[in-house]
There are 2 protein chains.
Amino acid sequence: MAVPSGPVAASTEAERAMFDFVDAYDRAYETAAVRHGLTAAQACVLGRLADPRGMRELADELGCDASNVTQIIARLETRDLVRRRTGPHDRRSRQIVRTPAGSTLYADFEESFAFARSAISQLSPAEQDQLATLLRKALGR
Amino acid sequence: MAVPSGPVAASTEAERAMFDFVDAYDRAYETAAVRHGLTAAQACVLGRLADPRGMRELADELGCDASNVTQIIARLETRDLVRRRTGPHDRRSRQIVRTPAGSTLYADFEESFAFARSAISQLSPAEQDQLATLLRKALGR
DNA sequence: GGTAGATGCTTTATCCACTCAAGCATCATG
DNA sequence: CATGATGCTTGAGTGGATAAAGCATCTACC
């Protein structure tokens, strides 16, 4: 199952709409990743490597165990999408760097992940602002 | 990693807001599931069993292989959250039924999945309508 | 300066989700 | 009744995720 969300008995129309939207987003993300020979997790990690990052940093951002990141990075590394280099100041630490191949692949992935773009394109500029504002407000930010 | 989504280089503020929202939703769903001793996939399946359903039906809804559903249901069954009974008209088919324990657990899960409710509660009724409308429109529906 | 504990990452074991290929039972059709 | 389609399960294999243990290095303190 690509999608963690499920049909909670959404009591209001707004809740249902939220659910459907999240569901569609997740499926589209997964699909775009698979189209490029990536898993969702791999695409997600690749996307965070616009600049070099440490393992700890990645693990914290993803909210998962460091050993999990170790494995995901290892798989990406065997495909030359990513390189591990020892940190400059602390030899325990690793700097994860996206290779050119990794950057290209990620750019392709992003290009093909049309969901967000196409969702946006359904809305007028004013509606886009409204949506962004409402989502932020709903998030309490 | 609980969250399939990643920080696509969202070009617009609306895209960023969408991403953050989906990310938060997914994390909250996963967290609520774990709190009840469920995985996200299990919670998702349990949620679809308000009424009895066949395996094929579930697999189609989830967009995954039937054998995957077989396994998820098997795990739920060993915990007595679900029961498998042979279909009335076709003895090959199975009707999956939530047990009382399953229904109770799912109700608890749903109750504790406060994300959607709390997101909604940040908005006025008019804003809720607006959001629902915008999300539907963004989905092209 | 050397030891103790903290930190950064990896390894190993284990579980679950997921897919694919086979297989079994049953149904529907000729 | 045989043939093929359908509904589900089994088995093998991959990957994501956690937990526990380990290794290397750094930091602080005596």
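The figures here come from the full heavy-atom set of this structure, side chains too, leaving out hydrogens, waters and symmetry mates. A, B, ... follow the sequence lines: proteins, then strands. Residue 1 opens every chain. This one's a predicted model, so the numbers in the text were calculated from it and none came from an experiment.
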Side chain of [X] (C-beta onward), nearest among [options]:
| X | options | result |
| --- | --- | --- |
| Arg92(A) | dT7(C), dT10(C), dC8(D) | dT7(C) |
| Thr39(A) | dC27(C), dC9(C), dG15(D) | dG15(D) |
| Met55(A) | dG8(C), dT9(D), dC9(C) | dC9(C) |

[X] [atom1] - [N] [atom2] separation (whole Å):
| X | N | atom1 | atom2 | result |
| --- | --- | --- | --- | --- |
| Leu62(A) | dG16(D) | CG | C1' | 12 Å |
| Arg85(A) | dC9(C) | CZ | P | 15 Å |
| Ile72(B) | dC15(C) | CD1 | C1' | 13 Å |
| Asp60(B) | dG7(D) | CG | C1' | 11 Å |
| Arg56(B) | dA25(C) | CZ | P | 20 Å |
| Glu30(B) | dG16(D) | CD | P | 15 Å |
| Asn68(A) | dT14(C) | CG | C1' | 14 Å |
| Ile96(B) | dC8(D) | CD1 | P | 8 Å |

Exercise for review: Compute the ring centroids of Phe109(B) and Tyr29(B), then answer whether they are less than 6.0 Å apart.
Suggested key: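 Judged by ring-centre distance (under 6.0 Å), Phe109(B) and Tyr29(B) do meet the cut-off.
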Exercise for review: Could you check Arg84(B), Arg98(B), Arg94(B), Arg85(B) and say which one makes a salt bridge (charged side-chain N to carboxylate O under 4.0 Å, His left out) with Glu77(B)?
Suggested key: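 Passing option: Arg84(B).
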Check your understanding: Between Arg84(B) and dT9(D), is there a side-chain N or O to OP1/OP2 distance below 4.0 Å?
Key ->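 So the side-chain polar atoms of Arg84(B) do come within 4.0 Å of the phosphate oxygens OP1 or OP2 of dT9(D), strictly under.
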Practice item. Verify the contact: side-chain N or O of Gln71(A) to OP1 or OP2 of dT18(D), cut-off strictly under 4.0 Å; return yes or no. Key: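 Gln71(A) to dT18(D) OP1/OP2: no side-chain N or O under 4.0 Å.
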Review point. Would you say the side chain of Ser67(B) and the base of dC20(C) hold a donor-acceptor pair, judged only by whether the two atoms sit under 3.5 Å apart?
Key: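 Answer yes: a donor N or O sits under 3.5 Å from an acceptor.
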Review point. Side chains of Asp108(A) and Phe113(A): does their closest heavy-atom pair fall under 4.5 Å?
Key: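 No. Closest side-chain heavy atoms not under 4.5 Å.
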Exercise for review: Return the 5'-most residue of the pair Asp90(A), Asp65(A) with respect to DNA chain D, ranking by each residue's nearest nucleotide.
Suggested key: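 Here Asp65(A) is the residue nearer the 5' end.
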Check your understanding: Mapping Arg75(A) and Arg91(A) to their closest nucleotides on DNA chain D, which lands nearer the 5' end?
Key ->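 In this pair, the answer is Arg75(A).
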Practice item. State, without any angle test, whether Arg83(A) and Thr99(A) hold a side-chain donor-acceptor pair at a distance under 3.5 Å. Key: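 No, no side-chain donor-acceptor contact under 3.5 Å.
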**Study point:** Arg56(B)-Ser93(B) side chain donor-acceptor pair, cut-off 3.5 Å
**Key:**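 There is no such pair (donor and acceptor under 3.5 Å, judged by atom type) between the side chains of Arg56(B) and Ser93(B).
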Exercise for review: Could you tell me whether Thr70(B) contacts a base, only the sugar-phosphate backbone, or nothing, with contacts defined as non-hydrogen atoms closer than 4.0 Å?
Suggested key: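 Touches a base.
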